[in-house]
Amino acid sequence: MDRGFELHMGHTGNAWSQNAARRRADWLCEQARGRVLDVGCSQGLLPWLLGHRGLNVTGVDMDGEALAWAAKKLVTAAPDARANIRLVREDFLNFAPGELFDTIVAGEYLEHLPDDMLDRHLAHMAELLAPGGRLVVTVPLGLHPHPDHEQVFLPRNLSEKLGAHFSLMKMEVEDAYLRCVCDASTPRRVPDASLLAELAEKGIIQIQQKAGAGKRATKITELKQAGKSIGDEIALYLRERPAETPRNALARKLAARGLAAPFVYDRYLFQTLNELYADTPLVPQPREISPKSLFAQADSRVDYLQKHFGDMTGANCLEVGCGRGETSVRLAERGNCRVTGVDVNMYPEWPERQSNRVSLVEVDLTERAPFAPGSFDFIMSFAVLEHVRKPFAMLDAMFALLKPGGQAYLTANLYRGPMASHRYREVFFPWPHLLFDDDVFMRFYKDRDGRRGVTPAWVNKLTYLHYLNKARELGFEVLKCTYSTRPFDEAFYECFAEKLGRYPREDLEKDFINLRLRKPGDISSSTKPPNDF
């Protein structure tokens with residue numbers, strides 16, 4: 001017995017399935033007009049709702065237990081509504097009411113019919129439909145755990161089944177259910193292939209949401225018996241477009257998991273790629289996040305600055321985006337210079353790292369600069385500018401604060417590079433942020449370790465050309481420009497060219513831009529601070 005009435009009342013199921021059932025029932029009622037026939041009415045939910053809306057409705061079902069429940073419930077209906085409702089126990093194929101109906105409703109009914117019965121039921125519905133009338137249908141999308149379900153409906157095959165007897169006026173997907181409105185008009189109309197594909201892909205996301213709410217959306221045993229690889233999603237069963245022949249080893253591995261182009265960029269694909277790349281991660285040995293590691297990185301940075309800037313003794317330096325202050329501290333110690341570190345956030349380590357040589361200031365230079373123009377001999381910024389929401393304004397500020405003849409060094413992670421998600425410690429394949437939406441990341445992390453709301457790090461969309469063009473526009477001399485790269489993953493690029501091909505390959509190859517700049521002028525004409533420390 002279909003317990004739809006009890007689900008609607010909240011007496012069974014979980015909150016997600018209850019609310020979804022109410023939305024389907026409301027939608028079915030909104031489509032109904034005139035004299036209504038509810039085929040497979042079970043506990044009589046739709047006759048009850050429609051009767052209270054003032055519509056004359058007949059419910060037919062062959063399940064005596066369900067109709068007995070419906071009749072008992074009907075006693076409590078409002079008298080006017082009760083007068084509108086008639087319940088009939090009958091095999092629908094033998095049902096001969098002697099009248100035609102303006103609306104025939106088949107809500108969660110067709111999926112229970114075996115192949116040899118489905119067409120006969122649809123033909124009989126067409127016979128009972130009045131001129132100008134409509135058939136309204138809802139069915140679950142894809143595989144469903146109910147043991148009585150005989151059909152697996154996808155947008156394409158449902159369109160074909162209904163199209164043999166009706167014209168489809170509307171097809172949509174909601175809560176992982178297909179919803180259709182049909183009439184008997186000729187010539188027959190069916191949705192075009194692009195809409196069917198769009199509905200299938202939308203349905204995949206809804207099935208994921210449904211499974212995440214605690215409702216299993218697959219018949220796991222049937223999938224295993226079919227020899228299919230089982231994942232949390234069933235995207236492979238919702239394909240509406242022909243798959244391409246695998247082109248390389250990665251494509252063959254994906255195909256073995258039931259994944260082929262054109263891909264649906266869901267959590268199943270995300271998780272599969274992560275499993276395939278677990279032994280060859282994008283960053284094989286991510287840097288440790290510890291005070292020792294951070295100071296070691298700071299020393300490497302100071303080595304580079306001293307090599308290219310030369311003697312910095314007595315200079316006034318600015319570090320943009322200093323973080324906890326390790327680089328500022330090491331530069332002041334080893335360079336025998338004054339260093340001001342600025343950041344939009346204050347860190348707990350700052351008080352113990354301030355000194356007569358090191359000043360750490362909480363400020364956003366794109367909003368205000370508490371320093372006079374031309375205050376600094378050297379300015380540096382390490383892997384920070386990509387997180388700045390107004391990067392051009394920051395470059396404006398850096399140019400203004402630099403003395404004539406002064407030099408700047410900056411590195412920035414480029415958005416189109418393979419590492420720009422900043423999640424390479426857990427996400428092992430390249431360019432995940434270019435392929436997957438934030439909600440896929442969030443679900444991956446929630447399922448992985450319980451963290452909520454984890455998305456790719458916020459990175460502005462500047463390319464290397466944006467940085468170069470802006471630097472030249474300001475008047476900087478570009479002394480040196482290099483790029484940090486990783487081996488280009490040809491197989492990955494080839495598999496996902498439908499998305500990655502939208503970007504110039506030269507952008508996809510570059511992880512970081514490294515720029516050494518000089519502001520025109522003679523630094524000797526500026527007064528250098530005395531070397532009094």
Side-chain angles (χ1 to χ4, degrees), residues 14-20 23 140-143 154-155 172-179 195 197-218 230-241 254 257-278 282 386-387 389 413 415-461 492 495-496 498-500 502-503:
N14 57 32
W16 190 95
S17 59
Q18 291 164 7
N19 290 328
R23 286 190 288 270
L141 175 68
L143 292 166
L154 309 177
E172 57 191 35
V173 60
E174 196 63 50
D175 297 320
Y177 274 73
L178 288 165
R179 311 195 304 197
L195 175 60
E198 179 184 330
L199 291 173
E201 294 186 10
K202 182 179 179 182
I204 291 168
I205 296 171
Q206 294 177 5
I207 285 176
Q208 293 170 346
Q209 295 168 339
K210 183 177 180 179
K215 182 76 172 176
R216 291 298 296 167
T218 63
I230 307 303
D232 291 337
E233 279 68 58
I234 58 167
L236 63 161
Y237 279 88
L238 295 176
R239 287 279 166 255
E240 293 294 330
R241 293 174 290 184
L254 292 171
R257 305 285 191 99
L259 294 165
F263 293 98
V264 176
Y265 293 87
D266 58 10
R267 200 189 76 78
Y268 179 54
L269 176 59
F270 189 106
Q271 183 64 44
T272 299
L273 286 170
N274 222 40
E275 292 171 2
L276 294 176
Y277 274 77
L282 176 66
E386 66 266 23
H387 302 297
R389 295 188 179 275
N413 200 179
Y415 175 75
R416 297 173 179 177
M419 290 176 56
S421 75
H422 289 61
R423 302 301 178 208
Y424 46 81
R425 287 178 172 80
E426 302 89 16
V427 181
F428 306 130
F429 56 92
W431 304 292
H433 57 297
L434 299 183
L435 300 183
F436 295 93
D437 293 335
D438 286 359
D439 62 336
V440 179
F441 276 83
M442 287 190 285
R443 188 171 173 204
F444 167 77
Y445 276 96
K446 178 178 177 293
D447 293 346
R448 178 183 182 274
D449 54 26
R451 280 186 282 174
R452 296 180 180 273
V454 181
T455 64
W458 191 92
V459 177
N460 60 50
K461 305 269 193 308
F492 193 96
C495 279
F496 301 104
E498 63 177 336
K499 281 204 172 185
L500 297 178
R502 303 172 186 177
Y503 306 99

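What's counted below: heavy atoms across the whole structure, side chains too, no hydrogens, waters or symmetry copies.
- Of the possible polar contacts, none joining the Trp458 side chain to the His387 backbone as a donor-acceptor pair under 3.5 Å is found.
- Ring-plane geometry between Phe270 and Phe429 is classed as perpendicular, the angle between the planes exceeding 60 degrees on a 0 to 90 degree scale with a lower cut at 30.
- Here Arg448 pairs with nothing under the side chain to side chain donor-acceptor pair (under 3.5 Å) rule; sequence neighbours left out.
- You'll find the side chain of Phe263 reaches within 4.5 Å of the side chain of Leu254, heavy atoms only.
- Annotation: side chain to side chain donor-acceptor pair (under 3.5 Å) contacts of Glu426 (sequence neighbours excluded): Tyr445.
- Atoms CZ and OG1, on Arg267 and Thr272 in that order, are 9.0 Å from each other to the nearest 0.5 Å.
- Looking only at side-chain heavy atoms (C-beta outward), Phe436 and Val427 stay at 4.5 Å or farther from each other.
- The backbone N or O of Phe428 lies less than 3.5 Å from a partner atom in the side chain of Asn274, making a donor-acceptor pair.
- Remark: the backbone N or O of Thr455 is paired with a side-chain donor or acceptor of Arg423 at under 3.5 angstrom.
- Considering only residues two or more places apart in sequence or on other chains, Tyr424 meets the side chain to side chain donor-acceptor pair (under 3.5 Å) condition with none of them.
- Once rounded to the nearest 0.5 Å, the distance linking CG of Leu199 with CD of Glu174 reads 11.0 Å.
- Phe496 places none of its side-chain heavy atoms less than 4.5 Å from the side chain of Trp431.
- Asp266 places a side-chain N or O within 3.5 Å of a backbone atom of Leu269 that can act as its donor or acceptor partner.
- Contact annotation: the side chain of Pro155 approaches that of Leu141 to within less than 4.5 Å [non-hydrogen atoms, C-beta and beyond].
- Between Leu434 and Arg416, the closest heavy-atom pair is CD1-O, 3.9 Å.
- Within the model, atoms CG of Leu178 and CD of Glu172 stand 9.5 Å from one another, a figure rounded to the nearest 0.5 Å.
- Between Gln271 and Phe444, some side-chain heavy-atom pair lies under the 4.5 Å cut-off.
- The minimum heavy-atom distance linking Pro432 with Pro418 is given by the pair CD-O, 4.1 Å.
- Looking at His422, its side chain never comes within 3.5 Å of a backbone N or O of Pro456 through a donor-acceptor pair.
- Distance alone, capped at 3.5 Å, places no donor-acceptor pair between the Asp175 side chain and the Tyr177 backbone.
- The minimum heavy-atom distance between His433 and Ala420, with the atom names listed, is NE2-CB, 3.5 Å.
- For the pair Val459 and Tyr415, the tightest heavy-atom approach, listed with the atom from each and the gap, is O-CD1, 3.8 Å.
- Counting heavy atoms from C-beta on, the side chains of Lys499 and Tyr265 come closer than 4.5 Å.
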